[in-house]
**Student:** 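After the structure tokens below, expect a handful of questions from me.
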Amino acid sequence: DTLHNMPGTFVGEMQVALDDNWQQADWFDRNLLFRAIFDALYVEDNRAILIDWKTGKVQKYEEERGQLHLSAAILFELHAELEQVKCSYNFLEHNQITDVIFNRKDHAANKASWELETLQINAEEEFAPKKNKYCNWCLSVTCPLKRG
């Protein structure tokens, strides 16, 4: 309610898709680079606030790169006037907020890291499973990494 009643522009449940040139595209276009859904976005002058509502337990945010980093990159691409974007996870059940502030001066490096990852992913031809922190909760019965 606070953001909704402020003088800038507020949008809820905004679906955004970017093509391989970082231009806004239709959600189902063939040359998409990224899709995102912004739970709550507030833009005023040269700043934005983006909120991602979370349920469940509080998770530590990946400080190097994560969902909020990608969201900031998308917002800087869509809004040339932005100088600062404050992105946050708002954990509803725990009344806890994780904020990350992004500045325009850091955008080129952030964007480049996402482009590099995209190139690496698209260059792969074999998608073998990779051990990760979620393997213990996997329900797969065919994965070769599954413990017996």
**Student:** Give the minimum heavy-atom separation between N132 and Y134, together with the two atoms involved.
**Tutor:**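 Nearest pair, atom of N132 first, then Y134: OD1-N, 2.6 Å.
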
**Student:** Going from CG on N21 to CG on L33, what distance comes out if it is rounded to the nearest 0.5 angstrom?
**Tutor:**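 Reported value, rounded in 0.5 Å steps: 9.0 Å.
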
**Student:** Could you check whether any side-chain heavy atom of F91 comes within less than 4.5 Å of a side-chain heavy atom of I97, counting everything from C-beta outward?
**Tutor:**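 Of all side-chain heavy-atom pairs linking I97 with F91, none is under 4.5 Å.
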
**Student:** Please give me the minimum heavy-atom distance between V16 and W27, naming the atom from each residue.
**Tutor:** O-CZ3, 3.4 Å

**Student:** For L18 and Q23, what are the C-alpha separation, side-chain angles and deciding distance, and is it a side-chain contact (heavy atoms from CB on, under 4.5 Å)?
**Tutor:** CA-CA 5 Å; L18 297 184; Q23 299 297 310; over 6 Å; no

**Student:** Identify the two heavy atoms, one from L75 and one from F38, that lie closest to each other, and give their separation to 0.1 Å.
**Tutor:** CD2-CE1, 3.7 Å

**Student:** Evaluate Y89 against W53 for ring-ring contact (aromatic ring centres under 6.0 Å, His included), listing each step before the verdict.
**Tutor:** CA-CA 6 Å; Y89 286 151; W53 304 109; over 10 Å; no

**Student:** Could you tell me whether K54 and D52 make a salt bridge, using a distance below 4.0 angstrom between a side-chain N and a carboxylate O?
**Tutor:**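 Salt bridge: yes.
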
**Student:** Please table the atom pairs, donor to acceptor, closer than 3.5 Å between any side-chain atom in residues 122-129 and protein atoms at least two apart or in another chain.
**Tutor:**
residue: N122; atom: ND2; partner: T118; partner atom: O; Å: 3.3

**Student:** How long is the straight-line distance from CG of N110 back to CD1 of I74, given to the nearest 0.5 Å?
**Tutor:**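 It comes to 10.0 Å.
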
**Student:** Drop me the distance from L145's CG to K131's NZ, to the nearest 0.5 angstrom.
**Tutor:** 6.5 Å

**Student:** Find out whether K86 and V100 are in side-chain contact, i.e. whether some heavy atom of one side chain is under 4.5 Å from a heavy atom of the other.
**Tutor:**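 The answer is no, as the side chains (C-beta and beyond) never meet within the 4.5 Å cut-off.
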
**Student:** Side chains of M14 and I37: does their closest heavy-atom pair fall under 4.5 Å?
**Tutor:**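 When only atoms from C-beta onward are counted, I37 and M14 do not touch, as no gap falls below 4.5 Å.
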
**Student:** Can you hop from L92 to I51 via hydrophobic side chains spaced under 4.5 Å?
**Tutor:**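 In one cluster: yes.
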
**Student:** Taking the side chain from S140 and the backbone from T142, do they hold a donor-acceptor pair closer than 3.5 Å?
**Tutor:**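 Checked: pair present.
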
**Student:** What's the separation between atom CD in Q96 and atom CD in Q59, rounded to the nearest 0.5 Å?
**Tutor:** 11.0 Å

**Student:** Could you check T98, D99, I101 and say which one makes a side-chain contact (heavy atoms from CB on, under 4.5 Å) with S88?
**Tutor:**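 Single pass found, and it is D99.
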
**Student:** In the structure I gave you, are the side-chain heavy atoms of W114 and R65 within less than 4.5 Å of one another anywhere?
**Tutor:** yes

**Student:** What's the separation between atom CD in Q84 and atom CG in N46, rounded to the nearest 0.5 Å?
**Tutor:**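 So the CD of Q84 and the CG of N46 are separated by 8.0 Å.
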
**Student:** Could you give the distance from CG (L68) to CZ (F102), rounded to the nearest 0.5 Å?
**Tutor:**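 L68 CG to F102 CZ: 5.5 Å, rounded to 0.5 Å.
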
**Student:** Can you give me the closest heavy-atom contact between E44 and G8, atom names plus distance?
**Tutor:** CB-CA, 4.0 Å

**Student:** With salt bridge (Lys or Arg N to Asp or Glu O under 4.0 Å) as the rule and sequence neighbours excluded, what pairs involving residues 102-113 come up?
**Tutor:** E77-K111

**Student:** Any donor and acceptor pair, going by atom type alone, linking the side chain of D29 with main-chain N or O of L32 inside 3.5 Å?
**Tutor:**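 The answer is no, because no donor-acceptor pair under 3.5 Å joins these two groups.
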
**Student:** Testing V43, D45, I49 for side-chain contact (heavy atoms from CB on, under 4.5 Å) with R47, which one passes?
**Tutor:** I49

**Student:** Which word best sums up how the rings of Y61 and H69 line up, parallel for under 30°, tilted for 30 to 60°, or perpendicular for over 60°?
**Tutor:**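 Rings of Y61 and H69: parallel, under 30°.
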
**Student:** Any salt bridge (Lys or Arg N to Asp or Glu O under 4.0 Å) involving residues 32-42? Give me the pairs, sequence neighbours left out, ordered by first then second residue.
**Tutor:**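 Matches after skipping sequence neighbours: none remain.
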
**Student:** Decide yes or no for L41 and F10: does some side-chain heavy atom of the first lie under 4.5 Å from some side-chain heavy atom of the second?
**Tutor:** no

**Student:** Within a 6.0 Å radius of atom CG on D26, are there more than 12 heavy atoms belonging to other residues, nucleotides or ligands?
**Tutor:**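 Count over threshold, so yes.
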
**Student:** Can you tell if the side chain of W22 reaches within under 4.5 Å of the side chain of E115, non-hydrogen atoms only?
**Tutor:** yes

